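Read the structure below first, then the notes.
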Amino acid sequence: MNKTWWKILGSVLVIYTAIAGLLLGVPHLPILNETIRNLYFHVPMWFAMIVLFSISVFYSVKSLSTKSEIDDIKAVESVNAGIIFGILGLITGAIWAKFTWGQFWSFDPKQNFAAISILLYFAYLILRNAIDEEQKRAKISAIYNIFAFPMMVVLLFVLPRLKDSLHPGNGGNPGFNSYDLDSRMRMVFYPACLGWILIGYWVYTIRFRIRTIENKQQHN
Amino acid sequence: MQLFAQNNGVEMADSLRSNGKIYVVVICIVIILVGLLAYLFSIDKRLKKIEKENQISK
């Protein structure tokens with residue numbers, strides 16, 4: 001993955017999203033008005049976060065069997081990159097909520113659970129910092145990560161559906177795609193998700209490569 | 001479907017777009033994105049250089 005083409009693809013997609021996302025037509029809906037365009041920017045943050053956390057759990061599982069330090073570094077750096085996107089998702093969601101639901105934080109189940117799942121990953125990083133011994137740290141944090149990942153999935157995708165939530169697709173609310181994610185919006189929304197996932201992955205690889213060099217210098 | 005009709009009384013930034021002023025915002029956002037992405041590319045390039053140097057010294 002040390003090629004350039006996918007970095008360019010990600011950049012082009014993200015720039016396309018900014019242009020098409022602001023200029024192309026969207027459904028005219030009450031309350032949402034033009035803020036429906038936030039779908040192109042707020043939701044891809046979460047997709048990028050989930051992909052990065054999936055990469056992390058993959059390498060955590062792998063590091064348990066290989067005991068390789070590189071896999072452990074990959075797991076932690078993808079969490080580091082994923083948390084940035086999660087925080088951006090929370091902030092953009094709060095701003096969107098202020099102007100459509102009335103409050104920055106209306107203690108909506110999905111908002112709360114999203115915040116909790118970010119905290120789960122903060123706990124992962126704190127847990128790592130608390131253990132000095134490298135082998136032990138890799139093992140314990142990998143196991144923690146394997147528990148944290150399904151918790152995050154449940155918090156974001158299962159529990160909000162069971163409660164009354166303001167988010168589309170939750171608590172009996174129809175999802176965005178059922179009525180207003182029409183074909184015009186799909187043309188922007190899917191490229192936006194792919195673009196931000198690629199950018200997120202890129203940030204992760206940069207963090208990983210820096211960490212590898214730092215590690216090498218420490219060992220020398 | 002009535003929901004998707006153009007003039008159903010839902011307030012949208014139609015006049016902003018017809019004035020052409022929205023393009024100013026789009027240009028600004030694109031400049032910021034291009035700038036940040038170019039910066040990301042330059043970081044990537046510098047990192048590649050450091051990685052190469054590290055490989056030689058090893």
Side-chain angles (χ1 to χ4, degrees), chain A residues 1-4 6-37 40-41 179-185 192 195-196 198-217 219-220, chain B:
Chain A
M1 287 304 262
N2 219 346
K3 298 273 193 301
T4 319
W6 59 272
K7 295 168 186 168
I8 295 166
L9 176 70
S11 308
V12 168
L13 286 177
V14 163
I15 291 165
Y16 160 77
T17 314
I19 300 167
L22 285 168
L23 295 181
L24 288 189
V26 289
H28 291 209
L29 297 172
I31 301 170
L32 273 176
N33 304 78
E34 293 282 357
T35 69
I36 195 168
R37 295 176 194 278
Y40 305 140
F41 304 98
Y179 62 104
D180 45 15
L181 186 64
D182 62 3
S183 56
R184 289 177 297 174
M185 290 192 78
W196 284 108
L198 287 173
I199 298 291
Y201 184 78
W202 187 8
V203 172
Y204 146 67
T205 57
I206 287 176
R207 289 200 67 121
F208 166 70
R209 285 154 65 193
I210 293 173
R211 190 66 179 271
T212 315
I213 292 170
E214 281 174 352
N215 244 35
K216 222 179 252 172
Q217 282 169 347
H219 286 307
N220 286 346
Chain B
M1 246 169 85
Q2 190 61 39
L3 199 62
F4 298 127
Q6 282 301 302
N7 295 311
N8 54 359
V10 174
E11 201 181 324
M12 302 297 270
D14 291 328
S15 68
L16 190 68
R17 206 160 284 105
S18 66
N19 287 341
K21 295 267 165 61
I22 188 73
Y23 295 106
V24 182
V25 184
V26 174
I27 289 166
C28 285
I29 294 172
V30 168
I31 287 171
I32 291 169
L33 271 180
V34 169
L36 280 176
L37 291 168
Y39 186 54
L40 210 50
F41 270 106
S42 83
I43 290 173
D44 200 280
K45 214 173 134 193
R46 266 174 69 183
L47 191 54
K48 239 172 225 167
K49 218 178 113 195
I50 293 170
E51 277 171 339
K52 233 172 238 163
E53 281 167 9
N54 248 39
Q55 221 115 55
I56 294 160
S57 65
K58 210 178 89 179

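Letters A, B, ... are given to chains in the order of the sequence lines, protein chains preceding strands, and every chain is numbered from 1. Here the structure is a predicted model, which is why all the values come from computation and not from measurement.
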Point-to-point distance, once rounded to the nearest 0.5 Å, from CD1 of A:I210 to CZ of A:R207: 7.5 Å
Residues that A:Y16 engages under ring pair (Phe, Tyr, Trp, His ring centres under 6.0 Å), provided they are two or more places apart: none
Option that, when pairs with chain A are counted at under 4.5 Å, heavy atom only, ranks first among B:V30, B:V26, B:L40: B:L40
At a 4.5 Å cut-off on heavy atoms, which part of A:I199 comes close to chain B: side chain, backbone, both, or neither? side chain
Side-chain touch A:W202/B:D44, heavy atoms, less than 4.5 angstrom: yes
Ion pair check, A:E34 and A:R37, cut-off under 4.0 Å: yes
B:R46 side chain to B:F41 main-chain N or O, any donor-acceptor pair under 3.5 Å? no
In Å, rounded to the nearest 0.5 Å, how long is the span from CE of A:M185 to CG of A:L24? 10.5 Å
Within residues 31-39 of chain B, contacts to chain A at heavy-atom distances under 4.5 Å involve B:L33, B:V34, B:L37
Sort out for me which of B:I50, B:L47, B:I29 touches chain A most, counting heavy-atom pairs under 4.5 Å. B:L47
A:Y201 ring center within less than 6.0 Å of A:W6 ring center: yes
